[in-house]
Number of protein chains: 2
Amino acid sequence: MKIEDEIKQAAFRDDYQKAHVNLIFTANWLQQQQSGFFKQFGLTLPQFNILRILRGQHPRPATVNLLIERMLDKTSNASRIVDKLEAKQLVTRRVCPSNRRAVDIRISEDGLALLGRLDAAMASQQFGVQNLTLAEAAQLSGLLDKIRD
Amino acid sequence: MKIEDEIKQAAFRDDYQKAHVNLIFTANWLQQQQSGFFKQFGLTLPQFNILRILRGQHPRPATVNLLIERMLDKTSNASRIVDKLEAKQLVTRRVCPSNRRAVDIRISEDGLALLGRLDAAMASQQFGVQNLTLAEAAQLSGLLDKIRD
DNA sequence: GATTATTAAATGTATGTACATATATTTGTC
DNA sequence: GACAAATATATGTACATACATTTAATAATC
């Protein structure tokens, strides 16, 4: 559906405004698709992202700082997202022996198993970006990088 | 900065994943830019968006349903965002005479004045999308529409 | 016209975002 | 080694998101 119809707006001031609105709208759209998917597994999107970072580190631990560095949203509160994952026993949290200010966070066996099930489910799930050709996806990345220059 | 460096990830599985992450990241980046800007005026981004819809309706009222229809994020809670605007006396809220279930929401004189100041400030503010050429912005919109097909 | 269904908005609860502040630990400096 | 500065994380608060439930008014059906 064209963006004008999605938000029931007749027209945009110019193509800049249209692209801007379209970008925000499409990102929300994608995230909502994903959220619904992860919900089946009892995870939110930020929780999934952190879990995936922890799997990338496994079996080495990650600190909160490392999580923040790698998260898409730097200002979100990694500490409290880890709280939720810990409550579900998907991660473990232990004071780092070599630096007692820091906390070593590791994905648990349960967490690894859950991500395994998610991998399988995601493989059979087409997310929106795949409506593009690979060349178009690359082109899109180029345009997005230019926006943030 | 390239997206790989922004989130300190060495590489992506393919250009689909890269475009997907880049899209979410860039949308967040843009929204944070805007948030900082609106904060100077005591508004959050959703509050500004609702205020702008109300100006579009002015002097006719809008209902909560109409606001939701036109909002970028359909699932957000328009009712409570209007609460905040009402507390700042930027909008008025009155039971609709012809349908007492509905509520007529209108932008106040204060609200119009605030948007007026924002218009002026925004005119002298370059937001990220303007790093693109107009043709690139149009191309971006086309790609985004295709994602949501 | 009483009863049920639908609609419009508000409210409740859990989670996340954004930002400031607090607490504990480590590092640097005298 | 005492004391200040820096670092790592946690906590507090306001706002927003996501979704279920509630309340009130209107519409539909018998």
Side-chain angles (χ1 to χ4, degrees), chain A residues 24-25 27-51 61-69 71-88 90-105, chain B residues 24-25 27-51 61-69 71-88 90-105:
Chain A
I24 305 292
F25 184 84
N28 279 340
W29 183 90
L30 272 177
Q31 298 208 67
Q32 272 174 27
Q33 272 208 321
Q34 286 194 289
S35 282
F37 176 75
F38 290 125
K39 201 182 173 182
Q40 301 172 295
F41 296 87
L43 285 182
T44 64
L45 194 45
Q47 286 170 16
F48 168 74
N49 284 327
I50 285 202
L51 218 45
T63 62
V64 170
N65 261 346
L66 183 143
L67 294 178
I68 292 172
E69 248 185 8
M71 282 170 74
L72 290 191
D73 197 327
K74 313 292 188 196
T75 66
S76 99
N77 204 323
S79 205
R80 273 184 280 227
I81 299 173
V82 171
D83 285 347
K84 310 290 155 135
L85 293 171
E86 194 183 17
K88 291 181 239 189
L90 300 173
V91 308
T92 62
R93 182 144 58 169
R94 251 182 42 202
V95 169
C96 171
S98 63
N99 179 355
R100 287 158 31 90
R101 284 171 303 188
V103 173
D104 281 347
I105 305 161
Chain B
I24 306 292
F25 183 85
N28 279 339
W29 183 90
L30 271 178
Q31 298 209 65
Q32 273 173 28
Q33 272 209 321
Q34 285 195 288
S35 282
F37 176 74
F38 291 124
K39 204 181 170 184
Q40 302 172 292
F41 295 87
L43 285 181
T44 65
L45 195 42
Q47 286 170 14
F48 168 74
N49 284 327
I50 287 203
L51 219 45
T63 62
V64 170
N65 263 344
L66 183 143
L67 293 178
I68 292 172
E69 248 186 8
M71 280 170 76
L72 290 191
D73 197 327
K74 314 290 186 196
T75 68
S76 99
N77 205 321
S79 205
R80 273 185 281 228
I81 299 173
V82 172
D83 284 348
K84 309 293 155 137
L85 292 172
E86 194 183 16
K88 290 181 241 189
L90 300 173
V91 308
T92 62
R93 185 147 52 172
R94 250 182 42 200
V95 170
C96 170
S98 64
N99 179 353
R100 288 159 31 88
R101 286 172 300 188
V103 173
D104 282 346
I105 304 161

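Not measured: the values here are computed from a predicted model. All chains are named by letter (A, B, ...) in the order of the sequence lines, taking the proteins before the strands, and each is independently numbered beginning at 1. Below, each value reflects all heavy atoms present in this structure, side chains not excepted, and no hydrogens, waters or symmetry copies.
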Whole Å only: how far is the [atom1] atom of [X] from the [atom2] atom of [N]?
| X | N | atom1 | atom2 | result |
| --- | --- | --- | --- | --- |
| A:M71 | C:dT17 | CE | C1' | 10 Å |
| B:L67 | C:dA8 | CG | P | 13 Å |
| B:Q31 | C:dG16 | CD | C1' | 14 Å |
| B:I68 | D:dC19 | CD1 | P | 14 Å |
| A:F38 | C:dA14 | CZ | C1' | 19 Å |
| A:K39 | C:dT15 | NZ | C1' | 11 Å |
| A:R100 | D:dA10 | CZ | P | 14 Å |
| B:N28 | C:dT17 | CG | C1' | 10 Å |

Could you state the interatomic distance from [atom1] ([X]) to [atom2] ([Y]), rounded to the nearest 0.5 Å?
| X | Y | atom1 | atom2 | value |
| --- | --- | --- | --- | --- |
| B:L85 | B:I105 | CG | CD1 | 9.5 Å |
| B:F48 | B:F37 | CZ | CZ | 8.0 Å |
| A:D104 | A:T63 | CG | OG1 | 8.0 Å |
| B:Q34 | B:L43 | CD | CG | 12.0 Å |

Can a donor-acceptor pair under 3.5 Å be found between the side-chain atoms of A:R101 and the base atoms of D:dT7?
yes
Looking at the base of C:dT11, is there any donor atom on it, or on the side chain of B:N77, that sits under 3.5 Å from an acceptor on the other one?
yes
So what does [X] hit on the nucleic acid, given a heavy-atom distance under 4.0 Å: a base, only sugar-phosphate, or nothing?
| X | value |
| --- | --- |
| B:D73 | sugar-phosphate |
| B:I81 | sugar-phosphate |
| B:T63 | sugar-phosphate |

Judged by nearest nucleotide, the residue sitting upstream toward the 5' end of DNA chain D, A:G36 or A:S79, is A:S79
Between A:S98 and A:T44, just flag the one whose closest nucleotide in DNA chain C comes earlier from the 5' side.
A:T44
Assign each of B:Q32 and B:V82 the nucleotide of DNA chain C bearing its closest heavy atom; nearer the 5' end lies the nucleotide of B:V82
Does [N] have OP1 or OP2 under 4.0 Å away from a side-chain N or O of [X]?
| X | N | value |
| --- | --- | --- |
| A:K84 | C:dA14 | no |
| A:R93 | D:dT9 | no |
| B:Q47 | D:dA16 | yes |

Measuring from the side chain of [X] (C-beta onward, heavy atoms only), which nucleotide among [options] has the closest atom?
| X | options | value |
| --- | --- | --- |
| B:N99 | D:dT26, C:dA10, D:dA8 | D:dT26 |
| B:R80 | D:dT11, C:dT11, C:dT17 | C:dT11 |
| B:V103 | D:dC19, D:dT26, C:dA9 | C:dA9 |
| B:V64 | C:dA10, C:dA18, D:dT9 | C:dA10 |

Please answer whether the main-chain N or O of A:T44 pairs with a side-chain N or O of A:K84 as donor and acceptor at a distance below 3.5 Å.
no
From A:V82, A:L90, A:I81, residue fulfilling side chain to side chain contact (heavy atoms under 4.5 Å, CB included) relative to A:Q47
A:I81
